[in-house]
Amino acid sequence: AQTVTQSQPEMSVQEAETVTLSCTYDTSESDYYLFWYKQPPSRQMILVIRQEAYKQQNATENRFSVNFQKAAKSFSLKISDSQLGDAAMYFCAYRSDNYGQNFVFGPGTRLSVLP
Amino acid sequence: DAGVTQSPTHLIKTRGQQVTLRCSPKSGHDTVSWYQQALGQGPQFIFQYYEEEERQRGNFPDRFSGHQFPNYSSELNVNALLLGDSALYLCASSLKPRQGKNTEAFFGQGTRLTVV
């Protein structure tokens with residue numbers, strides 16, 4: 001079974017600064033997808049960024065980018081120019097390409113943005 | 001275009017009772033997956049429905065059951081409620097899984113269930 005680990009329960013960053021959230025995962029599969037989701041107090045899971053395992057190039061979405069290290073099974077999220085609205089729970093998630101494509105989520109990292 | 005809608009938003013039930021939660025998928029989606037998110041934890045997969053059948057199931061007891069209707073909406077039923085069933089229940093909609101293609105999933109805002 002796949003597992004996802006987020007070793008930082010809480011992080012904080014100064015507004016306009018850069019922060020990196022860590023994620024590691026364990027799988028024996030070669031084809032899968034990785035995601036970062038944001039969950040604000042409204043509770044709705046919002047997709048931040050996705051990465052296909054077969055792609056070597058790291059995904060980027062505006063101020064958000066990932067460092068995907070497939071051999072190390074590491075998938076960190078970098079938030080640049082942090083904004084107050086970035087404050088939320090962030091979940092790293094794994095999705096198999098083989099078994100119904102259900103998500104395996106990590107325990108989450110609570111990000112605070114300090115003005 | 002309505003996104004994923006869940007009802008009710010909040011619910012309080014007594015231990016031993018039964019509860020039904022509802023989910024309407026995003027327009028154009030035919031697959032619904034349910035997740036349980038206990039306080040301070042990440043969501044855990046309960047089960048997935050498409051073509052009106054349960055297709056995948058996570059490590060949850062038979063007290064958790066579901067249904068999908070012809071219009072693709074879905075219900076999650078929990079019998080004999082335990083205090084430990086208190087959680088946020090999230091519904092995610094997508095297109096039917098296809099190997100080699102990442103089908104985008106959209107989440108609802110969840111139903112907060114409290115068992116007392």
Side-chain angles (χ1 to χ4, degrees), chain A residues 1-10 21-25 29-55 59 61 68 75 88-111, chain B residues 2-6 8-10 21 23 26 29-51 53-60 66 87-113:
Chain A
Q2 295 82 22
T3 58
V4 177
T5 301
Q6 293 177 251
S7 60
Q8 305 153 317
E10 296 184 2
L21 308 184
S22 301
C23 172
T24 58
Y25 59 95
E29 299 177 328
S30 58
D31 296 320
Y32 51 88
Y33 308 93
L34 296 167
F35 304 80
W36 279 97
Y37 276 91
K38 170 185 177 181
Q39 188 178 43
S42 68
R43 309 180 322 202
Q44 187 161 19
M45 300 288 270
I46 301 167
L47 177 64
V48 175
I49 199 165
R50 76 169 71 82
Q51 174 81 42
E52 291 88 348
Y54 65 85
K55 290 186 177 179
E61 287 287 343
F68 173 48
F75 183 61
M89 283 293 291
Y90 285 81
F91 292 97
C92 178
Y94 172 101
R95 199 180 197 191
S96 169
D97 191 38
N98 294 323
Y99 301 112
Q101 298 189 347
N102 308 304
F103 290 102
V104 177
F105 287 92
T109 296
R110 182 174 299 281
L111 178 66
Chain B
V4 181
T5 57
Q6 292 188 242
T9 55
H10 296 85
L21 311 181
C23 173
K26 179 179 169 61
H29 284 180
D30 56 9
T31 297
V32 172
S33 300
W34 287 91
Y35 292 82
Q36 180 195 65
Q37 186 178 13
L39 192 63
Q41 298 182 23
Q44 291 199 319
F45 172 67
I46 303 175
F47 42 54
Q48 178 190 72
Y49 278 83
Y50 60 86
E51 297 175 353
E53 290 191 14
E54 183 182 298
R55 300 295 178 171
Q56 298 286 333
R57 189 179 183 92
N59 188 25
F60 279 80
L88 178 68
Y89 288 85
L90 293 167
C91 167
S93 83
S94 64
L95 293 173
K96 192 167 62 178
R98 287 165 48 191
Q99 192 165 6
K101 182 172 177 60
N102 175 42
T103 55
E104 182 94 36
F106 291 82
F107 285 83
Q109 287 188 297
T111 295
R112 171 76 66 191
L113 172 65

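Each chain gets a letter, A, B and so on, in the order its sequence line appears, and its residues count up from 1. Computed from a predicted structure; not experimentally measured.
- F106(B) CZ to L47(A) CG: the interatomic distance, rounded to the nearest 0.5 Å, is 8.0 Å.
- Using a 4.5 Å cut-off between heavy atoms, Q6(A) makes no contact with chain B at all.
- For a residue to count as touching a neighbouring chain, one of its non-hydrogen atoms must lie under 4.5 Å from one of that chain's; by this rule A92(B) does not touch chain A.
- Looking at Q37(B), only its side chain comes within 4.5 Å of chain A, counting heavy atoms on both sides.
- The heavy-atom pair separating R43(A) from G110(B) by the smallest distance is NH2-O, 2.9 Å.
- Only the side chain of R50(A) comes within less than 4.5 Å of a heavy atom in chain B; its backbone stays farther off.
- Annotation: side chain of N102(A) is not in contact with side chain of R55(B) (no heavy-atom distance under 4.5 Å).
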Q: May I have the step-by-step check of side-chain contact (heavy atoms from CB on, under 4.5 Å) for F103(A) and Y35(B), ending in yes or no?
A: CA-CA 9 Å; F103(A) 290 102; Y35(B) 292 82; 3.3 Å; yes
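- Heavy atoms closer than 4.5 Å to chain B are found in the side chain of F35(A), but not in its backbone.
- Smallest separation of non-hydrogen atoms from Q44(A) and Q109(B): OE1-CG, 3.6 Å.
- With a 6.0 Å radius and a threshold of 12 heavy atoms from other residues, nucleotides or ligands, R112(B) has its CZ atom above the threshold.
- Proximity to chain A is absent for every atom of T31(B), based on heavy atoms less than 4.5 angstrom apart.
- Taking the six-membered ring for Trp and the full ring otherwise, F107(B) and Y37(A) have centroids separated by under 6.0 Å.
- By the 4.5 Å heavy-atom criterion applied to side chains, M45(A) and P43(B) are counted as neighbours.
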